[in-house]
2 protein chains.
Amino acid sequence: MAPQRTNMREVADLAGVAMSSVSRVLSGHPDVSPAMRQRVMAAVESLGYQPDMLAQSLRRKETRSVGFVVSDISNPLQSQIALGAETALRAKGYSMLLTNSENDPALDSAHIRLFQQRRVDGLLLSLAAEDDPQTFSLLSSAATPIVLIDRELRGEAGRRASSVLSDHRTGMRDAVGHLLDLGHRRVGLILGQPMRFSRERLEGLKDAYAARGLQPLYTVVEGQLEPRHGRAATQALLDAAEPATAIVAGGNQLLNGALAEIQQRGLRVGADLSLVSCDEISLTQLYQPPIAVVRRDTRALGRHAAELLLSQLEAQEEDDQGRKRTTREPEVVLLPTEFVARPSCAPPADAA
Amino acid sequence: MAPQRTNMREVADLAGVAMSSVSRVLSGHPDVSPAMRQRVMAAVESLGYQPDMLAQSLRRKETRSVGFVVSDISNPLQSQIALGAETALRAKGYSMLLTNSENDPALDSAHIRLFQQRRVDGLLLSLAAEDDPQTFSLLSSAATPIVLIDRELRGEAGRRASSVLSDHRTGMRDAVGHLLDLGHRRVGLILGQPMRFSRERLEGLKDAYAARGLQPLYTVVEGQLEPRHGRAATQALLDAAEPATAIVAGGNQLLNGALAEIQQRGLRVGADLSLVSCDEISLTQLYQPPIAVVRRDTRALGRHAAELLLSQLEAQEEDDQGRKRTTREPEVVLLPTEFVARPSCAPPADAA
DNA sequence: TTGAAAGCGCTAACAC
DNA sequence: GTGTTAGCGCTTTCAA
């Protein structure tokens, strides 16, 4: 029996009270007599009444929902962030709308617009690009709080949004430092799109060389965070006149491609070639030999993003027109990364 | 400038027309003159008006949103399903609300109820349990179409919901058949919760033994789909009086645990012990030696689930009270699995 | 403490 | 083809 939905009117009628009284009981208004509460609750029970959040949202001008834009939820990095974020949001009574941008900045902005039409209370964004004009203008004039996840925007958009960032630079500095200390000089760094995480990783690598006063014999290969690029870049690094003796993959997708190429060439990780990846996955832990990583707590990244957004949400007040207005300034949270040395790193093969 | 949101009233006033005309233009009503369309669109542009989907939903009695309950989005299996589902939903203009049940059946039902209050048009469920009474009663009387993902419910709930199922049995039969043909007789099967996928896998294993007229020397270890269980089960299988010579892990989490134990014991996969896993992940492909798997197209699983739901949604009509009513019967879609033999499977070590 | 009434922003009859 | 009107289901003044 697909039950026709009961509305508040019916509850009020059955209880013989006004709708406003039902509303007060259900929303925990202080000024309700125990008798009233009883009558109403009895009616609610007997009808199996469930309030319509749509109508509540329209009236209250808040949906208790948050839009989350990722490029690809099937990427372990992003799904772990999503888990952390959803759990934190749910704990505060918020629901999460999720969408995939498929690495297309045009979809980023389309989804932001859609979420705005759905009147989400806030936005959690892991954008496909840091310089899309459409996205920029949408965010510059957004009416809700926004938290960027590991992204950095310039201009007005950047000034309006909060962000949760990972300290890729430090982790990468330690990773490359470890390789240099093992005797490597020609480190190959495979990066993804030109976004903050790529820039910071490059800086970290430079830091490591600079701190040791070494010539910049490293090679950087930029591209997309995809296995194809990981593989092509690895080919390039190994086929160079002066081949890299150690490779650092800036993400799990790149690692997949790199490993595929390494295996096809019959190279032994941690012997013929040293290898480091960014972000822990089951593969890095269980591979033989285990693969060194620049690690971070991805779930905490999502959790912090959600909590930052929630704190901005709570800091809102309504102006005289009944519209929400953010009173708090955007904030930036920096989360640590940590290099974990593993047997995939060893002295270079040609070190006599 | 956080822009106060324009509403349809303002657009109508600016264009000097009635609200209903604005509505008609925006919703593509056939009977509108080009002149009217122009006037309205000009006003819409100049105000940057974006319709309020909340109000639309309340009025139209549909939200164009779907609730998706998973146990843990950070699990590669589920995030791939989610990607497939979200992409298909988005293509038809639907948004996805995502929540994690954390493998807790009580959260399953709580989230279903919440989604119902949010008036989602349909539900996509990868439930934590197939026998929770709360979930059962909610689903038995649900007002919207429901698609179960790789789950099977009995009773009224099962009769009301559609489902997309994987043919685990065939894949497992081939996997175990392969092991038996290599000479293994004591196969250890590690399973998760007592749900359809576990039952089917067990049946597949039995099929393989039966087809060859072999004694049932296999061992089955049931538990949770978690690394801990994978590890403990592997210990048990290897420490038995008659240790298993081949292990089949019923999922990627179980594989993680199994591999950890195998490595700690210094056993060589594909030599001292044969290994098969269920569902492809980067680890199974890139491990050395590569790990045989019972494979399925997880993204297609999500896509089919979404498309099945969408087809049920399209088959709805409104009754005289303006309520939606499903006209189509629930459907079941069965998707294939495929065993992929790899070097992790070899004749048993004791085979002279 | 409770009820009556207005209205959130939109759509869909219905009338012209 | 366009305007007027009556709500969708709820919350929230405002009075009583």
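Computed from a predicted model, the values in this text were never measured in an experiment. Every chain is numbered from 1 and lettered A, B, ... according to where its sequence line falls, protein lines coming before strand lines.
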> Is a side-chain donor or acceptor of B:Glu86 paired with a backbone partner of B:Met96 at a separation under 3.5 angstrom?
Replying inline: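 No: the side chain of B:Glu86 does not pair with the backbone of B:Met96.
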> Is there a donor-acceptor pair closer than 3.5 Å between any side-chain N or O of A:Arg160 and the backbone N or O of A:Ser140?
Replying inline: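 Yes, because the side chain of A:Arg160 sits within donor-acceptor range (under 3.5 Å) of the backbone of A:Ser140.
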>> So, OP1 or OP2 of C:dG9: does either fall under 4.0 Å of a side-chain N or O from A:Lys61?
In response: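 Yes, within the criterion.
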> Within less than 4.0 Å of OP1 or OP2 of C:dT11, is there a side-chain N or O belonging to B:Gln56?
Replying inline: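 Checking C:dT11 against B:Gln56, a side-chain N or O does come within under 4.0 Å of OP1 or OP2.
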Nearest-angstrom distance from the residue atom [atom1] of [X] to [atom2] of [N]:
| X | N | atom1 | atom2 | value |
| --- | --- | --- | --- | --- |
| B:Asp52 | D:dC8 | CG | C1' | 13 Å |
| A:Leu54 | C:dG7 | CG | C1' | 16 Å |
| B:Gln117 | D:dG9 | CD | P | 15 Å |
| B:Glu10 | C:dG9 | CD | P | 9 Å |
| B:Tyr49 | C:dG9 | OH | C1' | 7 Å |
| B:Asn7 | C:dC8 | CG | P | 8 Å |
| B:His29 | C:dC10 | NE2 | P | 18 Å |
| B:Gln38 | D:dG1 | CD | P | 16 Å |

> Between the side chains of B:Ser71 and B:Gln78, is a donor N or O closer than 3.5 angstrom to an acceptor N or O?
Replying inline: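 B:Gln78 and B:Ser71 do have a side-chain donor-acceptor pair below 3.5 Å.
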> Between the side chains of B:Thr63 and B:Asp121, does any donor sit under 3.5 Å from an acceptor?
Replying inline: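 Yes.
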> Pick one: which of A:Ile81, A:Ile73, A:Val120 meets side-chain contact (heavy atoms from CB on, under 4.5 Å) with A:Phe68?
Replying inline: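 Going through the options one by one, the only one that passes is A:Ile81.
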> Of the options A:Arg9, A:Met8, A:Glu10, which is the one that meets A:Thr6 in a side-chain contact (heavy atoms from CB on, under 4.5 Å)?
Replying inline: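 When side-chain contact (heavy atoms from CB on, under 4.5 Å) is applied between A:Thr6 and each of A:Arg9, A:Met8, A:Glu10, only A:Glu10 qualifies.
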> Toward the 5' end of DNA chain D, which comes first, B:Ala35 or B:Arg119, by nearest nucleotide?
Replying inline: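 Counting from the 5' end, the first nearest nucleotide belongs to B:Ala35.
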>> On DNA chain D, does the nearest nucleotide to B:Pro34 precede the nearest nucleotide to B:Leu58 from the 5' side, or the other way round? Give the residue.
In response: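 Comparing both residues, the 5'-ward one is B:Pro34.
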> Does the distance from a Lys or Arg side-chain N to an Asp or Glu carboxylate O, for B:Arg119 and A:Asp52, drop under 4.0 Å?
Replying inline: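 Salt bridge: yes.
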Please tabulate, one pair per line, each protein N/O and nucleotide N/O from nucleotides 12-16 of chain D that are separated by under 3.5 Å, including the distance.
unit_1, atom_1, unit_2, atom_2, d
D:dT12, O4', A:Arg59, NH2, 3.2

> Which part of the nucleic acid, if any, lies within reach of A:Asp31 when heavy atoms closer than 4.0 Å are counted: base, sugar-phosphate only, or nothing?
Replying inline: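 Base contact.
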> Of the nucleotides C:dG3, C:dG9, C:dT11, which has the atom closest to the A:Met36 side chain?
Replying inline: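 Closest of the options to the side chain of A:Met36: C:dG3.
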> Can A:Ser95 and B:Arg118 be said to form a side-chain hydrogen bond (donor to acceptor under 3.5 Å, both in side chains), step by step?
Replying inline: CA-CA 10 Å; A:Ser95 293; B:Arg118 286 195 179 277; 2.8 Å; yes
>> Counting only heavy atoms not in B:Gln117 (residues, nucleotides, ligands), do more than 12 fall under 6.0 Å from its CD?
In response: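 Atom CD in B:Gln117 is packed in, count exceeds 12.
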> If we fit an axis to the first five pairs and another to the last five of the helix from C:dT1-D:dA16 to C:dC16-D:dG1, what angle do they make, to the nearest 10°?
Replying inline: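 About 40° separates the two local helix axes.
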